[in-house]
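The structure appears below as structure tokens.
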Number of protein chains: 2
Amino acid sequence: MNIYDIAKLAGVSIATVSRVVNDSPNVNDKTKEKVRKVMEENHYMPNEFARGLGRSFVKAVGLVCPAISDDYMAKAVACLEKRLREHGYDCILHCSGYDKEDKRQAVGMILKKRIDALMLIGSNFAGGKEEDTSYICEAARQIPVFMINGYVEGENIYGILADDYQAVYDATEELIFAGKRRILFLSNSDSFSAMQKRKGYEDAHKNHGLPILEELNICVENTINGTKDQLLLRRDLAFDGVIATEDGLAVGALKYAKATGISVPEEISVVGYNNSELSISCEPELTTVDARGEILCKTAVDSMMTLLEGKRINSKTIIKCHLVKRHTTDF
Amino acid sequence: MNIYDIAKLAGVSIATVSRVVNDSPNVNDKTKEKVRKVMEENHYMPNEFARGLGRSFVKAVGLVCPAISDDYMAKAVACLEKRLREHGYDCILHCSGYDKEDKRQAVGMILKKRIDALMLIGSNFAGGKEEDTSYICEAARQIPVFMINGYVEGENIYGILADDYQAVYDATEELIFAGKRRILFLSNSDSFSAMQKRKGYEDAHKNHGLPILEELNICVENTINGTKDQLLLRRDLAFDGVIATEDGLAVGALKYAKATGISVPEEISVVGYNNSELSISCEPELTTVDARGEILCKTAVDSMMTLLEGKRINSKTIIKCHLVKRHTTDF
DNA sequence: TTGAAAGCGGTACCAC
DNA sequence: GTGGTACCGCTTTCAA
């Protein structure tokens, strides 16, 4: 059942049917009704490929994220998908994995789909060396690229970022004020965001005249038990506070404390990141940073719409985070 | 830059270029190489819409899930996406929300995309009344429909299910053997899966000559704190065990116990569902059912490929679950 | 307000 | 192994 069939059945030309499908104002109401009736009776669905062929745009955006099973990215995808759909856009999802080459390939593949814009989710896309992100610039030559919590300098690339630096700076400062002098910095990658957090941690120490202890910079796998096991191997560290770049790592630290009989928050204070369900599942409940994922996504979609209307938008938007105090920092 | 440009530059016909693009064996190696070179030099990308127009299939499948921020569905999407991509299929994602009308609409919209198959994720798509699922049967008239942990009777509909009934039956039986006589059944919906679980719970009681206490069938919102609060309002229930249909609910019960000074597992034993990160984040760590989401997804994709090869497949596949014992059921 | 017809960029069949 | 060409189903201009 195609546009010709409908035209024949309705006794009009295909041009008129096309106009009805696209709700053009230049069709007589009676004609419109007649055609609509025929379309419904025959369950007519316009072929999206033929439409895409004849037009330059498609109303679809590509979403690439390293791993949708990550709570932060899942929430981001949910939010982006919902909002984009409200604007009539479809989402093509590509979970790339964390490997550099895989990410490059994912972007390459999704670009073939003639999408209207590309959204890169998670700070894992930024960071690293410059040549590692060259594929993002190339993509931006074709369509606008929006980076959710990431940023790469370049024409047609737009970063919407959480102020991870400040959030960690503030959290670290609180621990310092509480008298903590051996604060563990627990991370699981060298993403853009992780580097920002690290800088916040370091600057807070510097600005309070405290040394940065290299042995307290620990990088682990992002699982609760992985983190716990790693820490059990390093009992010598004798830390009195933890700043973690993910809630899962923070919970791992909690499990380590439990396993070794160290009390939280009395002996060790812990701060997590992302305000995920994990942070209220654990015991004691975790003080954590709300990285405002929803706001980032909302801003990204709004910016995209503004851009597609032909207006200019900022190439970098920074959103303030918010520390959610629970019980792992009850001083 | 289209196929005509490439053909001109390479000094061949568009038919030959098309053959090269599709890696047809009927092209001279030298010609192939020559054309490839021109394509690369000009960053040629075939227009997917034109391809889709000329062919009947598109190599894309539609994924619909109520909420990707749910851990189970996120993992399922991740797994499906990965495997489908390995077979050269794209994924179009649609997060529908839990509302019946929204789900129907989501399916309707995604069908327009001329996808090769539809995958419905989560048991929320089954269950309810028959007319509520009629849209699934309609979809199945166009393309095969695969239901991940759901099932609706119908031509061209394939259910891949976890054996939730048996899993809950077994878990309940264990609690009964341990002497529990007031086991709370904690759920958050009337999905197909929830009904199966409920039946397992009930049958375990019946088969051991125990009464089913209606006041112990509690339906709550699926959040940790929501569950805890609900339970705090029902301190009269005096239950000595909990079978929860989601880990989040089980953790909520743990939080309730903690808030009221009840000890777990001594006074109350708790069993969760899904073996999510939540279940190892909480304290004590949760005994939970591994619903084998990965296996379900793998099976679904394999079945789809088999079907598309023209072979017949089972309309219903049931996968055994696995109880992961941790510390909320240390008797 | 409507219709005719020229694309859009491929695929695939048929000749040679 | 290669080229010519008739579609695929829709959008959009141009005329009427």
Side-chain angles (χ1 to χ4, degrees), chain A residues 1-40 42-60 88 90 109 111-116 142-143, chain B residues 1-40 42-60 88 90 109 111-116 142-143:
Chain A
M1 186 65 36
N2 62 28
I3 200 169
Y4 293 95
D5 301 321
I6 300 297
K8 201 169 291 171
L9 288 170
V12 296
S13 73
I14 60 163
T16 298
V17 176
S18 176
R19 290 189 190 100
V20 173
V21 166
N22 293 291
D23 205 25
S24 153
N26 304 324
V27 186
N28 188 303
D29 280 353
K30 290 211 185 303
T31 314
K32 200 175 267 189
E33 205 172 322
K34 183 174 62 182
V35 174
R36 282 234 173 87
K37 190 151 161 277
V38 174
M39 293 199 304
E40 276 176 30
N42 295 278
H43 302 294
Y44 170 64
M45 282 187 183
N47 182 314
E48 294 289 320
F49 290 95
R51 303 185 87 177
L53 230 197
R55 304 190 287 203
S56 53
F57 61 96
V58 266
K59 292 227 133 202
D90 272 319
M109 292 196 51
L111 278 181
K112 288 190 190 164
K113 306 300 163 193
R114 289 281 197 280
I115 47 181
D116 299 301
Q142 298 182 38
I143 47 172
Chain B
M1 187 65 36
N2 60 28
I3 200 169
Y4 294 94
D5 300 321
I6 300 297
K8 200 168 291 171
L9 288 170
V12 298
S13 74
I14 60 163
T16 298
V17 178
S18 178
R19 289 191 190 99
V20 173
V21 167
N22 294 291
D23 206 24
S24 154
N26 304 323
V27 185
N28 187 303
D29 280 352
K30 291 214 184 300
T31 314
K32 203 176 262 189
E33 204 174 322
K34 183 173 62 181
V35 174
R36 284 236 173 84
K37 190 151 162 276
V38 175
M39 294 199 301
E40 274 175 31
N42 295 278
H43 302 292
Y44 169 65
M45 283 186 183
N47 182 315
E48 292 290 321
F49 289 95
R51 302 184 87 176
L53 229 199
R55 303 190 287 203
S56 55
F57 61 97
V58 265
K59 292 226 133 200
D90 272 319
M109 291 195 52
L111 278 181
K112 289 191 190 164
K113 304 303 162 191
R114 288 282 196 280
I115 46 179
D116 299 298
Q142 298 182 37
I143 47 172

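Quantities reported herein were computed from a predicted structural model and do not represent experimental measurements. Note: hydrogens, waters and symmetry copies are ignored here, and every other heavy atom, side chains too, is used. Just so it is clear: chains get the letters A, B, ... in the order the sequence lines come, proteins before strands, and each one is counted from 1.
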Rounded to the nearest Å, what distance is computed from the [atom1] atom of residue [X] to the [atom2] atom of nucleotide [N]?
X	N	atom1	atom2	answer
A:Asn47	D:dC7	CG	C1'	13 Å
A:Asp5	D:dC10	CG	P	9 Å
B:Ile6	C:dG10	CD1	P	9 Å
A:Phe49	C:dT11	CZ	P	13 Å
A:Met45	D:dC10	CE	P	12 Å
A:Ile14	C:dG3	CD1	P	11 Å
A:Asn22	D:dT12	CG	P	7 Å
A:Tyr4	D:dT11	OH	P	11 Å

Worksheet item: How is B:Val12 classified with respect to the nucleic acid when contacts are heavy atoms under 4.0 Å: base, sugar-phosphate, or nothing?
Response: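 Sugar-phosphate: the residue B:Val12, judged by heavy atoms under 4.0 Å, touches backbone atoms but no base.
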Worksheet entry | Under-4.0 Å side-chain N/O to phosphate OP1/OP2 contact, A:Tyr44 with D:dC10 | yes
Discussion item. Less than 4.0 angstrom between a side-chain N/O of B:Ser13 and OP1 or OP2 of D:dG4, yes or no?
Written reply: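 Answer is no, no contact under 4.0 Å.
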If you only use heavy atoms from C-beta on, which nucleotide in [options] is closest to the side chain of [X]?
X	options	result
A:Leu53	D:dC10, C:dC8, C:dT11	C:dC8
B:Ser18	D:dT12, D:dT11, C:dT11	C:dT11
B:Ala15	C:dA4, D:dG9, D:dT5	D:dT5
A:Asn2	D:dG3, D:dG9, C:dT11	D:dG9
B:Arg19	C:dG10, D:dG3, D:dG9	D:dG3

Between [X] and [Y], is there a donor-acceptor pair closer than 3.5 Å when you use the side chain of the first and the backbone of the second?
X	Y	answer
B:Asn47	B:Phe49	yes
A:Asn2	A:Asp5	yes
A:Asn42	A:Tyr44	no
A:Asn22	A:Ser24	no

What heavy-atom pair brings [X] and [Y] nearest, and what distance separates the two atoms?
X	Y	answer
A:Ala7	A:Ser13	CB-C, 3.8 Å
B:Arg51	B:Pro46	CD-CB, 4.0 Å
B:Val27	B:Thr16	CG1-CG2, 4.4 Å
A:Ala10	A:Val35	CB-CG2, 4.1 Å

Practice prompt. For the residue pair B:Val12 and B:Lys34, establish whether any side-chain heavy-atom pair is separated by less than 4.5 Å.
Written response: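 Of all side-chain heavy-atom pairs linking B:Lys34 with B:Val12, at least one is under 4.5 Å.
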Practice prompt. Enter the inter-axis angle for the ends of the helix from C:dT1-D:dA16 to C:dC16-D:dG1 (five pairs per end, rounded to 10°).
Written response: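 Terminal axis comparison yields 30°.
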Practice prompt. Within residues 24-34 of chain B, find the residues that approach DNA chain C with a heavy atom at under 4.0 Å, and present them sorted by residue number.
Written response: none
Practice prompt. Could you tell me whether B:Arg36 and B:Asp29 make a salt bridge, using a distance below 4.0 angstrom between a side-chain N and a carboxylate O?
Written response: no
